[in-house]
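To find a chain, count down the sequence lines: A is the first, B the second, and so on, and within it residues start at 1.
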2 protein chains.
Amino acid sequence: MNTSRPRGSGRPTLTRTDGALLRVLVVDDDPDLAEVLSGALRYDGWQVRTAGDGVSAVAAARELLPDAIVLDVMLPDTDGFAVLRSLRAVRPDVCVLFLTARDAVEDRIAGITAGGDDYVTKPFSLEEVVARLRGLLRRAGMARQSEEGPRLTVGDLIMDEEAHEVTRGGELVELSPTEFELLRFLMRNPRRVLSKAQILDRVWSYDFGGQAHVVELYISYLRKKVDAGRSPMIHTVRGAGYVLKPVAR
Amino acid sequence: MNTSRPRGSGRPTLTRTDGALLRVLVVDDDPDLAEVLSGALRYDGWQVRTAGDGVSAVAAARELLPDAIVLDVMLPDTDGFAVLRSLRAVRPDVCVLFLTARDAVEDRIAGITAGGDDYVTKPFSLEEVVARLRGLLRRAGMARQSEEGPRLTVGDLIMDEEAHEVTRGGELVELSPTEFELLRFLMRNPRRVLSKAQILDRVWSYDFGGQAHVVELYISYLRKKVDAGRSPMIHTVRGAGYVLKPVAR
DNA sequence: GCAACCTCTGAGCCCGCTCTCAGTGACCGA
DNA sequence: TCGGTCACTGAGAGCGGGCTCAGAGGTTGC
């Protein structure tokens, strides 16, 4: 009970329709990456388990009966597709999110995703993985979310995650991909100071070697588009980070 | 004074959901620093244990099964991340607070805050370490706090630690980082006289060489912002220190 | 193959924050 | 009443965090 409770604060709860935690199996042969991924997912409210190769993945799946799988296409023993076939035998309706190199066999991926599954290309940002996974579950009708639909709302700022559309006070705000991800992360954590390191870890790819300076830059972009000529919602907390807040009444 | 007594007067209680004391493992190869840290944490209501290197850290963790770990990234035998992997094997959901040098290779910090873990850079203030650790536990839903949420309240003075927001009588009070930390320390110890030395030890970094005079200065800043034109809550006890009290009715 | 866009780096500027110094006021014991 | 200590506050120097601009390099789409 104590340790399994996902988190205290005001995040939307992520549970199965039967009330239990959603279970995900992370399959990747890079232990560092698997660790970071599972950390992010655990923090996002999932019950996580990891496997480093195809054989142990199938074994783990039999035991865990996961609702979703994050699956690296390149595995040391078999390829991800063979693993998937075995997994589907265990649990036909499982959602799968593939991890793949940028220019790897697009055609096979395309065939797979036609079935409702999804993929992200390496290097990815954790925010992207988590969002995609949530999207999969939502579309499969497996998750019961406290707020229905793919809508994020903070004050008069509204983000439609599926349509990739953001409006403030009804007016459309056009964002670049990175700006969008950054805003999504902020909107998922309203009224909470997020450090530049946190933002960097979640919004930028895990292999990004750059400095925290980029975060300042993109915050400045966002301000121009989101706060332009309006009461600001994005606030700087000197020495700590940034907060997104609805305008005080 | 007595470091073994978890806490004195009106502090919010800090216990596990099963009612036991929260357990923390402090891992640092500097015995002085480890001692100071464990003293501060014990005083804050934790059951503390220390280790000086990676091997004994893992051994201690197996025995103690800590709820949280304060972990120096630079260890004599291995680096903190390898230790973390072993520790996670013992207890996957443990909260970790990393200690790191200011500009020591930001790259190896990459990814750690993504899982909900956090870090502070040396030199840090004890108040910061304790606050971050509490934040970690709170977010992980592990701590049962007497008052729910990240709110600190003394009279009509309210501090939202997550949003870094302070209000008095509903009015927003804007504070600099140091002012914020000082006020947090006062608010954690209401109705209790705190000496300048105590304040210096808790709120300023452990390597701060300055005089107790800064405390007076910052108390004066706080008064201007918190007590401005209102009945004072910050009182001087001549020869002893300062107290924060709700205004007497 | 070109244009438009996006992402990130580097440099420079500004301003808030921190702390030192110094001067004044408050309190206390003799 | 007086001297001494303790506390408060104003002024200002120095520093560093944060913002913005300009531009290079890469990618996408036509």
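Of the candidate nucleotides D/dA7, D/dG18, D/dT9, D/dG18 has the atom lying nearest to any side-chain atom of A/Thr236.
Separation of the A/Tyr242 and A/Tyr218 ring centroids does not fall under the 6.0 Å cut-off.
The interatomic distance linking A/His235 (NE2) with C/dG16 (P) rounds to 17 Å, in whole Å. Distance NZ (B/Lys225) to P (D/dC8): 18 Å, rounded to an integer number of Å. The distance from atom CD1 of B/Ile234 to atom C1' of D/dA7 is 14 Å, rounded to the nearest whole Å. Atom pair B/Glu181:CD and C/dC17:C1' shows a separation of 14 Å (rounding to whole Å applied). One can place CZ of B/Arg223 at 8 Å from C1' of D/dC8, the figure rounded to the nearest angstrom. Counting to the nearest Å, the P atom of C/dC5 and the CG atom of A/Leu175 are 15 Å from each other. The distance between atom CD of A/Glu216 and atom P of C/dT7, rounded to the nearest whole Å, is 17 Å.
Put simply, B/Ser220 has no side-chain N or O that comes within less than 4.0 Å of OP1 or OP2 on D/dC8. Residue A/Arg238 places no side-chain N or O under 4.0 Å from the OP1 or OP2 atom of C/dC17. Of the side-chain N and O atoms in B/Lys196, none sit less than 4.0 angstrom from OP1 or OP2 of D/dC6.
Ring-plane geometry between B/Trp204 and B/Phe208 is classed as tilted, the angle between the planes lying from 30 to 60 degrees on a 0 to 90 degree scale. Taking the six-membered ring for Trp and thresholds of 30 and 60 degrees, B/Phe180 and B/His164 have nearly parallel ring planes, at less than 30 degrees apart.
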What pairs of nitrogen or oxygen atoms, one from the protein and one from nucleotides 18-20 of chain C, lie under 3.5 Å apart?
{"unit_1": "C/dT18", "atom_1": "OP1", "unit_2": "B/Thr178", "atom_2": "N", "d": "3.0"}
{"unit_1": "C/dT18", "atom_1": "OP1", "unit_2": "B/Thr178", "atom_2": "OG1", "d": "2.3"}
{"unit_1": "C/dT18", "atom_1": "OP2", "unit_2": "B/Ser176", "atom_2": "OG", "d": "2.5"}
{"unit_1": "C/dT18", "atom_1": "OP2", "unit_2": "B/Tyr218", "atom_2": "OH", "d": "3.3"}
{"unit_1": "C/dT18", "atom_1": "O5'", "unit_2": "B/Thr178", "atom_2": "OG1", "d": "3.4"}
{"unit_1": "C/dT18", "atom_1": "O5'", "unit_2": "B/Tyr218", "atom_2": "OH", "d": "3.0"}
{"unit_1": "C/dC19", "atom_1": "OP2", "unit_2": "B/Trp204", "atom_2": "NE1", "d": "3.0"}
{"unit_1": "C/dC19", "atom_1": "N4", "unit_2": "B/Tyr221", "atom_2": "OH", "d": "2.7"}

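In this structure, the side chains of B/Arg202 and B/Tyr43 come closer than 4.5 Å at one or more pairs of heavy atoms.
Using a 3.5 Å distance cut-off with no hydrogens or angles, the side chains of B/Asp118 and B/Thr113 do not pair a donor with an acceptor.
Salt-bridge annotation for A/Glu171 and A/Arg230: present, with a side-chain N of the basic residue lying under 4.0 Å from a carboxylate O of the acidic one. A salt bridge links B/Arg184 with B/Glu161: the distance from a Lys NZ or Arg NE/NH1/NH2 to an Asp or Glu carboxylate oxygen falls below 4.0 Å.
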